[in-house]
Amino acid sequence: MPNACSRTRNAMTRNPAIDRADLALHGGRPVVREPFPRPVRWDDRERAQLAEMIGQPSLFYWKGPQTELLLKRFRRHYPLPHAMTCSSGTAAIHIALLAAGIGPGDEVITSPITDMGTVIGILYQQGVPVFADLEPYRYNLDPSDVERKVTDRTRAVLAVHLAGNPCAMQELKALCEARNLLLIEDCAQAWGAACRGVPVGLCGDVACFSLNDFKHIGCGDGGIVATRDSAMGERLQRCGDKGYDRSAGISAPEFLAPNFRMSEPQAAVAAVQLARMPEIARQRRLLGDRLTRELTGIRGIRTHHVDTEDACSYWFYMFRTVDGELDCDRAEFVKALVAEGVRATAGYLPVPLYQFGLFRNENFFAGRWPVKELGLTRVDYGKVSCPAAEAILRTGVKLPVNEAMDEEYISAVGAAVRKVATAFARGEGREKTSRDK
Ligand SMILES: *Cc1c(COP(=O)(O)O)cnc(C)c1O
């Protein structure tokens with residue numbers, strides 16, 4: 001959108017010396033004056049599907065028409081031969097780990113900036129989450145640090161596509177193939193994203209999606225786990241359904257598995273949501289990429305990096321403030337942005353996962369950690385350090401992106417960030433000249 005960019009640019013050259021007094025924080029006129037756009041997430045289409053569902057004699061998932069419709073629509077985008085619906089994204093990941101045979105002492109390398117759902121299944125399988133550091137602006141696993149974290153106990157890499165931004169899958173895949181590791185994709189925040197043209201979920205060995213209330217699409221709570229691997233695939237259903245093999249009638253389970261089933265009402269809503277998914281992802285991609293263009297070249301901040309060949313579906317947008325380039329701390333920057341009418345928040349998590357109390361105190365099983373007591377791991381979460389991840393959380397400013405926004409709204413958000421950054425810019429060249437010449 002070169003037109004819009006030059007519009008912003010002209011606005012700034014007309015008004016080059018943004019004064020701190022102009023900030024809405026100090027009584028100036030806020031940049032974003034429209035009300036916050038809120039998408040209508042469920043409407044008559046879900047209502048109609050639910051009405052159809054309620055006429056069924058059973059609401060059980062096995063051979064349920066809603067579940068089958070949901071999986072049929074899922075396969076349209078993710079043509080994987082084996083798929084299981086389940087109760088959450090957390091459950092999807094747990095099922096994947098169980099189906100892959102992850103057990104006591106097995107190490108799974110993953111990201112320290114993610115939802116708890118990424119690591120819960122690892123711990124319940126008595127596996128050991130091993131945190132690798134992140135790429136500083138992509139916020140995803142740094143393949144070279146993953147490589148450094150591999151030991152003879154490593155069994156899998158669990159790649160989280162944070163905020164809908166694809167991980168460096170080619171590098172991770174090569175590494176996993178060379179070392180015979182399983183590559184699990186946590187696609188909970190990445191519906192509709194693609195890595196070098198390949199939808200995320202189709203790049204690794206097994207894909208895990210969430211349908212919780214806050215994701216791109218949702219049915220209250222739900223998840224899907226899918227794979228093309230036949231050994232894992234034929235276990236998915238039993239791994240999410242108490243070990244019962246429904247195709248064999250009610251069988252006597254051969255292994256222990258939780259009940260992670262998704263019922264028909266959730267599947268009915270999720271099936272309609274799947275039909276909405278491509279448009280939601282497309283709009284978020286358009287808006288997020290537009291925001292990057294608006295924010296490129298502003299002194300004091302760095303944009304959310306997406307590889308040029310990737311498609312990010314922006315579950316959120318997070319730029320970083322740059323130490324030494326601003327005369328304010330992040331808290332003040334966020335406060336000023338909020339005053340400008342932007343729903344900005346500081347960072348994403350307060351600290352990386354390994355600094356959470358449950359990791360610090362290894363408080364996993366009623367205060368105990370059998371894996372450690374049995375000498376199956378020497379990991380000490382008190383000693384883990386991922387400097388890039390810590391810096392990301394210390395300097396990140398998170399902006400909401402949703403499909404109800406339009407380019408004009410996002411452009412106003414960009415102008416607000418520019419106004420605040422310019423007002424707080426330290427030193428002579430208030431803005432980089434490369435872009436503004
Ligand atoms: C939401 C989320 C999960 C867990 O999904 P639930 O459906 O809430 O259990 C896992 N990983 C990531 C990255 C998530 O954002």
Side-chain angles (χ1 to χ4, degrees), residues 41 70 74 84-98 108-125 127 129 131-132 134 138-141 156-167 169 172 183-193 195 200-201 203-204 206-226 239-240 258-263 266-267 269-270 273-274 277 280-281 284 304 312-318 345 347-350 352-354 356 358 389 392-393 396 398 400-402:
R41 302 188 61 202
L70 168 57
F74 176 81
M84 171 71 174
T85 57
C86 55
S87 53
S88 67
T90 307
I93 294 165
H94 196 162
I95 291 170
L97 296 160
L98 190 48
V108 179
I109 300 175
T110 193
S111 168
I113 300 184
T114 184
D115 184 84
M116 271 302 295
T118 304
V119 297
I120 285 171
I122 305 173
L123 290 163
Y124 272 104
Q125 284 311 110
F131 296 104
L134 307 180
R138 181 142 76 162
Y139 318 142
N140 285 332
L141 284 176
V157 172
L158 208 177
V160 180
H161 305 292
L162 195 78
N165 193 16
C167 293
M169 290 308 282
L172 292 176
L183 181 53
I184 305 170
E185 289 183 83
D186 180 345
C187 309
Q189 301 185 4
W191 285 103
C195 184
V200 305
C203 306
V206 52
C208 308
F209 287 87
S210 168
L211 289 155
N212 89 15
D213 202 51
F214 312 100
K215 299 294 152 71
H216 294 73
I217 55 171
C219 61
D221 267 309
I224 299 178
V225 52
C239 288
N259 175 1
F260 282 144
R261 297 180 309 228
M262 177 200 275
S263 71
Q266 274 73 32
V269 174
Q273 291 277 294
L274 240 300
M277 187 275 285
I280 291 171
R284 284 174 176 253
H304 197 154
C312 175
S313 61
Y314 295 98
W315 191 53
F316 59 78
Y317 190 102
M318 188 159 76
T345 47
Y348 168 53
L349 307 172
L353 262 65
Y354 53 81
F356 288 5
L358 92 156
I392 290 165
L393 293 177
K398 186 164 151 286
V401 176
N402 73 50

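Given the structure is predicted, the values throughout are model-derived calculations rather than measurements. Both counts, for ligands and for their atoms, begin at 1 and track the order of listing. Side chains included, hydrogens not; waters and symmetry mates left out as well; all remaining heavy atoms used.
Taking a cut-off of under 4.0 Å to the non-hydrogen atoms of Ser210, the atoms of ligand 1 that pass are 5 (O), 6 (P), 7 (O). Numbered from 1 in the order shown, with element, the atoms of ligand 1 that lie under 4.0 Å from a heavy atom of Ala188 read 2 (C), 3 (C), 10 (C), 11 (N), 12 (C), 14 (C), 15 (O). Close approach of ligand 1 to Val160 (heavy-atom distance below 4.0 Å) involves ligand atoms 13 (C). Atoms of ligand 1 found under 4.0 Å from any heavy atom of Thr114 (numbered from 1 in listed order, with element): 13 (C).
Regarding atom 6 (P) of ligand 1, its nearest protein heavy-atom neighbour is Gly89 N, 3.4 Å. The closest protein non-hydrogen atom to atom 11 (N) of ligand 1 is Asp186 OD2, 2.7 Å. Nearest protein heavy-atom contact of atom 3 (C) of ligand 1 is Asp115 OD2, 3.4 Å.
In this structure, the separation between CD1 on Ile93 and OH on Tyr124 is 14.5 Å, given to the nearest 0.5 Å. Rounding to the nearest 0.5 Å gives a distance of 8.5 Å between CG of Leu162 and CH2 of Trp315.
Side-chain contact between Leu349 and Pro112 is absent, with no heavy atoms from C-beta onward closer than 4.5 Å. Taking 4.5 Å as the limit, some side-chain heavy atom of Cys203 sits within range of a side-chain heavy atom of Glu185.
Checked by distance only, ligand 1 and Gln189 come closer than 3.5 Å through their nitrogen or oxygen atoms. Inclusion of Asn212 in the set of residues having an N or O under 3.5 Å from an N or O of ligand 1 is warranted. In terms of N/O distances under 3.5 Å, ligand 1 is not approached by Ile93. The shortest N or O to N or O distance between Trp315 and ligand 1 is not under 3.5 Å.
Between His304 and Tyr317, the ring-plane angle classifies as perpendicular under the 30° and 60° cut-offs. Ring orientation note: the planes of Phe74 and Phe209 are nearly perpendicular, at an angle over 60° on the 30°/60° scale.
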### Query
Are Asn165 and Tyr139 close enough, and set up right, to give a side chain to side chain contact (heavy atoms under 4.5 Å, CB included), and what steps lead you there?
CA-CA 8 Å; Asn165 193 16; Tyr139 318 142; 5.8 Å; no
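Of all the heavy atoms of Ser88, the ones lying under 4.0 Å from any atom of ligand 1 are found in both the backbone and the side chain. The parts of Thr90 lying near ligand 1 are both backbone and side chain, judged by heavy-atom distances below 4.0 Å.
Proximity of Lys215 to ligand 1 is established by a heavy-atom distance of less than 4.0 Å.
Listed here is the closest heavy atom pair of Ala91 and Ser87: CB-OG, 3.6 Å.
Asn212 places no side-chain N or O within donor-acceptor distance of the main-chain N or O of Gly89, the cut-off being under 3.5 Å.
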